[in-house]
Amino acid sequence: MSKISTITGFADLFPPESGLFSFMEGKAREVFGSYGYNELRVPILEHTELFARSIGAETDVVQKEMYTFPDRKGRSLTMRPEATAGMMRACIEKGGQEGISKYFSYGPMFRYERPQKGRMRQFHQIDCECLGAHEPQADAEVVLMLMHFLGELGLNELELQINTLGCKACRPAYRELLTKFLQGIDHEQLCEDCKRRVQSNPLRVLDCKASTCKALTENAPTMQEHVCPDCQSHFNTVMGVLEKASQPFVLNHRLVRGLDYYMRTTFEVVSTNIGAQSSVAGGGRYDGLVSQLGGPDLPGIGFACGMERLALLMQKESAPEQDFYLAVLEAEALDTALLLACSLRRAGKKGEVSFAARSAKSQLRQAGKSGARYCLILGGNEYAKGSILVKDMTSGEQHEVMQEELIKSVK
RNA sequence: GCGGAUGUAGCUCAGUUGGCAGAGCACCUGGUUGUGGCCCAGGUGGCCGUGGGUUCAAAUCCCAUCAUUCGCCCCA
């Protein structure tokens, strides 16, 4: 029979990575919970229109990266490529969103891209969304919370980048200004993609990685210089709070997020140690999104962290030590050994028991590898007496005790 | 969607000009009647990614294909 393997870009998570994921999820619950965030679990499958309307029909994500297919009644469904849209949909549907609501979520996302280091077709994100706050302090809190969370994961060497994208009032004018600038420079030297972007999405030219494009746009007008007074003051307050909190950051005028719903504050956390896919978290403000999805006119701000990318940066923990390894030397003692091991576990001890009787040498080897503090040896002699040998794996000393007493002693 | 690299033992990888399929680690057994780590001896384990082609002969050369991986792009 031929083997069946995983789908390209889909990965099985074994230890130690699976342990890192659990650790991150636990820390998320703990840290975000302390900021008043509660967990929201939403479906993985949604109506395609949800993503087209929120992320933007013209974005790469929607145009060529979604897992979209018709269900049995012909409705177009899509496996979520990101979490924000679904979480917004859920909040709108539930209704009653008075005041501020804060939710976090985590789980798999799906994008049909070419896999590489730090990029899978099924990948995992931790998401936080804060609805109902338009104040710049909310932006600052979200950013500080993200950095707090990353710090709790042991990641302190990351760079925080921030930018402002302006709002409905000032972005169109800036866009026009930038387009004029781009038309003024030597058009032919731009890369093929950017030649198109001048028309379709001029802001994206600023984010191009090609060195020639970077050089050509060196003196391009920045969004920050051309935002309206409201946006300027909003952004100044955000930066001010970050400074008062001693949170280092760098202004990145080229930080243009790829999802259309972002406005005003955007931010990204990058690492130089994980290859080309350097962004480990990103987010921003999305005040128009909720109403765009048919809900009330609520402001929102949030972010997503890429768990695979964070895992690349985190130290892999070694296997947890165990309290005992129960070695069985005679087949007749196997059942007794199993029951004994279960009693010890119910008393709170961690350990394994051999399922087959084998030589003392091979079992001691096994015990050594398991990292067990004690090797419990049950051979023919002990079995007959109802006793067991307890060997300290560190000192090598051993003594014989009755099985009943062993159980009592650990309770 | 585009480009580069790589597919040989469970793992990491050698394999010369086309000529018997290899090493280290891991695993198992023994050296020690029932005592681990170190050491020694022996052993298990392979459709050489898959399918075609060239050849007396292919892991090796050619074509195709699949997979993995690193980039481009995009994004977390």
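Chain letters run A, B, ... following the sequence lines, proteins first, then strands; residues in each count from 1.
When distances are taken from the side chain of A:Ala360 to each of B:rG71, B:rU35, B:rA76, the shortest belongs to B:rU35. Among the nucleotides B:rC75, B:rG71, B:rC28, the one closest to any side-chain atom of A:Arg111 is B:rC75.
A:Arg121 places a side-chain heavy atom less than 4.5 Å from the side chain of A:Pro115. Using a 4.5 Å cut-off on side-chain heavy atoms (C-beta onward), A:Ile388 and A:Leu326 make contact.
Distance check on atom C1': B:rA64 versus B:rU54 gives 15 Å, rounded to whole Å. Separating the P atom of B:rU29 from that of B:rU33 is a span of 15 Å, rounded to the nearest Å. Across B:rG30 and B:rG15, the matching P atoms stand 37 Å from one another, rounded to whole Å. For the P atoms, the distance from B:rU12 to B:rC20 is 26 Å, rounded to whole Å. Comparing the same atom, P, in B:rC27 and in B:rG10 gives a spacing of 15 Å after rounding to whole Å. For B:rG22 and B:rC48, the P atoms lie 14 Å apart once the distance is rounded to whole Å. Remark: the separation of the P atoms in B:rG7 and B:rA59 is 15 Å, to the nearest Å. B:rC11 and B:rA26 have their P atoms separated by 15 Å, given to the nearest Å.
Checked by distance alone, A:Arg365 brings no side-chain donor or acceptor within 3.5 Å of a matching partner on the base of B:rC28. Within 3.5 Å, a donor on the side chain of A:Gln398 pairs with an acceptor on the base of B:rU35, or the reverse. Between the base of B:rC70 and the side chain of A:Arg114 there is no donor-acceptor pair shorter than 3.5 Å.
Base-pair partner of B:rA5: B:rU68 (Watson-Crick or G-U wobble, both distances under 3.5 Å). Nucleotide B:rU55: unpaired (no Watson-Crick or G-U wobble partner with both distances less than 3.5 Å). Base-pair partner of B:rU33: not found among the strands shown (Watson-Crick or G-U wobble, both distances under 3.5 Å). Across all strands shown, B:rG43 pairs with B:rC27; the Watson-Crick or G-U wobble distances both stay below 3.5 Å. Summarising the base pairing, B:rC20 is matched to no nucleotide, lacking a Watson-Crick or G-U wobble pair whose two defining distances lie under 3.5 Å.
As a whole-Å value, the separation of A:Lys391 NZ from B:rU35 P is 10 Å. The separation between A:Arg121 atom CZ and B:rA67 atom C1' is 12 Å, rounded to whole Å. As a whole-Å value, the separation of A:Gln161 CD from B:rA76 P is 13 Å. In this structure, the CD atom of A:Gln366 is 8 Å from the P atom of B:rC27, given to the nearest Å. Between the C1' atom of B:rC70 and the CE atom of A:Met120 lies a distance of 12 Å, rounded to the nearest Å. The nearest whole Å value for the distance from the NZ atom in A:Lys361 to the P atom in B:rA41 is 14 Å. Per the geometry, CE belonging to A:Met109 stands 10 Å off C1' belonging to B:rA76, to the nearest Å. Computed from coordinates, the A:Asp127 CG to B:rA76 C1' distance equals 9 Å when rounded to whole Å.
Using a 4.0 Å cut-off between a side-chain N of Lys or Arg and a carboxylate O of Asp or Glu, A:Lys27 and A:Glu30 qualify as a salt bridge. A salt bridge does not link A:Arg373 to A:Glu321: none of the charged nitrogens lies less than 4.0 Å from a carboxylate oxygen.
Relative ring orientation between A:Tyr261 and A:Tyr286 is described as perpendicular, the plane-to-plane angle rising above 60° on a 0-90° scale split at 30° and 60°.
Contacts of A:Met307 with the nucleic acid, taken as non-hydrogen atoms under 4.0 Å apart, are absent. Base contact: A:Gln277 has a heavy atom under 4.0 Å from a base atom. Among the atoms of the strands shown, none is found under 4.0 Å from any heavy atom of A:Ile126. Within the 4.0 angstrom heavy-atom criterion, base atoms lie near A:Gly396. Within 4.0 Å (heavy atoms only), A:Glu397 reaches no atom of the nucleic acid at all. Here A:Ala281 lies in heavy-atom contact (under 4.0 Å) with sugar-phosphate atoms only. No engagement by A:Leu310 is indicated, since no non-hydrogen atom pair under 4.0 Å with the nucleic acid exists.
Under the 3.5 Å distance criterion, with hydrogens and angles disregarded, no donor-acceptor pair is assigned to the side chains of A:Arg41 and A:Ser105.
In this structure, A:Glu330 and A:Ser362 both approach RNA chain B, and ranking their closest nucleotides by distance from the 5' end singles out A:Ser362. Residues A:Pro115 and A:Met393 both approach RNA chain B. Their nearest nucleotides, taken by heavy-atom distance, put A:Met393 toward the 5′ side.
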*Determine, step by step, whether A:Val353 and A:Leu376 satisfy the side chain to side chain contact (heavy atoms under 4.5 Å, CB included) criterion, reporting the C-alpha distance in whole Å, the side-chain angles of both residues, the deciding distance to 0.1 Å, and the verdict.*
CA-CA 9 Å; A:Val353 56; A:Leu376 311 177; over 6 Å; no
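With respect to A:Asp139, the side chain to side chain donor-acceptor pair (under 3.5 Å) criterion is satisfied by exactly one of A:His134, A:Arg264, A:His234: A:His234.
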